[in-house]
Amino acid sequence: MEIQATTYDAYRLVHEGILAFARAERHGIRVDVEYCKKKRAHLTRKVNHLYAKLRETDLYKTWYKVYGNKLNTESNHQLAYILYTVMKMDPPKKTKSGKGSTDEETLQQLNVPELDKILEIRKLLKIRDTYLNAFLKEQVHGYIHPFFNLHTVRTYRSSSDRPNFQNIPKRDEQAMKTSRRAIFPRPGHQILAVDFSGIEVRIACCYTEDEKLIYDTLHGDMHGDMAVELFKLDSLNKKYPGEKNLRQGGKNGFVFPQFYGDYYGNCALNLLEWAKIGSLRDGTPALEHMQNKGLVTLTKDGKVTKKGIEKFTEHVKKIEEDFWNRRYKGYKKWKEKTWEEYQKKGYIKFLTGFTYKGVARRNELLNAPIQGTAFHSLLWCFIEVDKIAQEEEWDTALCGQIHDEMLTDTNPDELERVAKTIQRVTCKDLPEAWPWWIISPEVEADLCPVDASWNTKQEYKLPEVE
DNA sequence: GGAACTCGCCAC
DNA sequence: AAACGTGGCGAGTTCC
């Protein structure tokens with residue numbers, strides 16, 4: 001690559017980034033203190049109610065016999081001892097340090113109805129303690145001031161703390177609503193969030209210059225294509241919910257894990273989980289279809305047999321080989337070249353001028369430039385938008401950032417101007433400033449109504465910029 | 001009584 | 001041969 005950013009460019013990005021983040025931190029984010037208090041109490045009542053039910057169960061009675069007054073339902077250590085030592089159940093999964101696991105997946109597999117109550121309690125406590133309580137602890141005069149750090153992450157991404165603004169629930173409906181209901185714009189303002197679409201894949205395009213990857217990103221559907229191959233479908237259409245699930249499986253069970261460096265063994269197991277909730281447009285369950293295609297064998301009650309898992313794993317192995325050796329061979333070549341360079345020199349350089357050095361495993365090393373550079377693109381835009389906001393004396397302010405997304409606390413009168421500016425900076429100015437952006441960036445936006453909390457966001461079509 | 005650890009779980 | 005990248009944080013536990 002002939003275009004080479006310098007270390008000084010990297011330094012400047014961090015320097016200006018810190019200043020822009022400091023302004024966002026000072027601005028802060030409004031929280032509904034009364035709501036947090038009320039909801040916190042409400043969750044406590046709910047949890048107590050669940051505790052009362054749990055106390056009636058056999059599991060609890062066994063637990064009490066062993067621990068007496070030291071019994072603590074939040075202690076996974078105690079729970080593991082009860083399940084795997086006292087009750088002598090076989091742990092379906094072990095933790096890194098080799099003890100029987102008590103995470104959600106494991107407890108569900110154990111098929112003990114009482115454990116569902118523990119999971120429900122865990123979920124509510126997570127919302128109460130990690131989010132609502134943290135907001136209350138950190139708020140000053142109704143505003144939290146999350147920090148955005150540029151000095152903590154090996155890949156030169158950012159992190160956030162006090163409180164962490166980058167892990168507020170989004171996927172789980174209840175957790176999302178309960179947590180984000182606490183986050184508000186300034187009075188009379190509205191929250192606008194703009195995020196890059198598939199930025200890591202696009203950055204991978206810039207590094208690898210893989211023609212097929214570029215084509216698929218712009219015009220194709222790599223997740224759908226992979227689902228078709230993995231589940232041996234004739235075709236796939238997202239408009240059928242069962243087939244949409246299979247596409248999700250292709251994406252989250254294969255494509256993303258592969259890009260992070262996972263291998264066919266884990267992917268196969270993952271994909272079988274996705275297959276359970278997938279079906280064809282004619283209603284055929286995905287697993288049944290897969291059996292018809294000879295990908296798995298099922299027991300009478302519809303479970304995948306051990307032999308079936310082996311068969312499917314072999315199938316996924318072949319698809320993995322094809323994925324890297326044929327489909328994205330340019331990407332593979334880049335991985336080999338980059339790993340070799342690192343082993344020879346002890347470091348690699350990012351397109352943004354940052355140097356990655358020190359001991360790294362292969363997956364870490366190959367992920368770093370992509371993750372870091374994706375974030376630097378957001379950071380560059382954040383700085384630009386912040387500068388324009390200063391120059392033009394906006395009443396609107398940047399107030400936060402989540403790796404590939406920026407949030408503004410927006411004056412509705414300025415909404416169109418703000419949206420246009422962000423659209424222009426992200427999609428036009430960025431690739432002009434950094435010509436190694438050989439594929440066009442794209443952004444999507446969400447907007448909340450005026451004076452409405454973050455859980456009310458709706459898709460917002462950004463104005464066209466010529 | 002605090003530091004350092006494990007585990008689980010939220011985000012990208 | 002091995003096999004998922006980057007974080008923060010609450011709670012429990014262990015160590016000193």
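Scope of the values below: all heavy atoms of this structure, side chains included, with no hydrogens, waters or symmetry mates. Here is how names work: the chains are called A, B, and so on, in the same order as the sequence lines, proteins then strands, and each is numbered from 1.
The distance from atom CG of A:Leu50 to atom CZ of A:Arg45, rounded to the nearest 0.5 Å, is 13.5 Å. With rounding to the nearest 0.5 Å, the separation of CG in A:Leu230 from CD1 in A:Ile319 is 4.0 Å.
Nucleic acid contact for A:Ser158: none, since no nucleic acid atom lies under 4.0 Å from a heavy atom of the residue. Among the atoms of the strands shown, only primed sugar atoms or phosphate atoms (P, OP1, OP2) are found under 4.0 Å from some heavy atom of A:Tyr131.
Five base pairs at each end of the helix from B:dG1-C:dC16 to B:dC12-C:dG5 define two local axes, and these are offset by 0° (rounded to 10°).
Within the cation-pi definition used here (under 6.0 Å to the ring centroid, within 45° of the axis), A:Arg162 qualifies as a partner of A:Phe147. Cation-pi geometry between A:Arg202 and A:Phe196 is not met: the NZ or CZ atom fails to fall both under 6.0 Å from the ring centre and inside 45° of the normal. Judged by a 6.0 Å distance limit and a 45° cone about the ring axis, A:Lys335 is positioned over the six-membered ring of A:Trp324.
Remark: P of B:dA11 and CZ of A:Phe375 are 19 Å apart, rounded to the nearest angstrom. We find that CZ of A:Phe147 is positioned 14 Å from P of C:dG8, with the value rounded to whole Å. C:dG5 atom C1' lies 12 Å from atom CZ of A:Phe350, rounded to whole Å. Taking atom CD of residue A:Gln371 and atom P of nucleotide B:dA11, one finds them 17 Å apart after rounding to whole Å. The nearest whole Å value for the distance from the CG atom in A:Asn455 to the C1' atom in B:dA11 is 17 Å. Rounding to whole angstrom units, OH of residue A:Tyr156 and C1' of B:dC12 are separated by 20 Å.
A donor and an acceptor atom never sit less than 3.5 Å apart when one is taken from the side chain of A:Arg122 and the other from the base of B:dC9. Interface remark: the A:Arg154 side chain does not form any donor-acceptor pair with the C:dT6 base, using a distance-only criterion of under 3.5 Å.
Closest to the side chain of A:Lys170, out of B:dC12, B:dC7, C:dT6, is B:dC12.
Atom OH of A:Tyr460 has more than 12 neighbouring heavy atoms from other residues, nucleotides or ligands inside a 6.0 Å radius.
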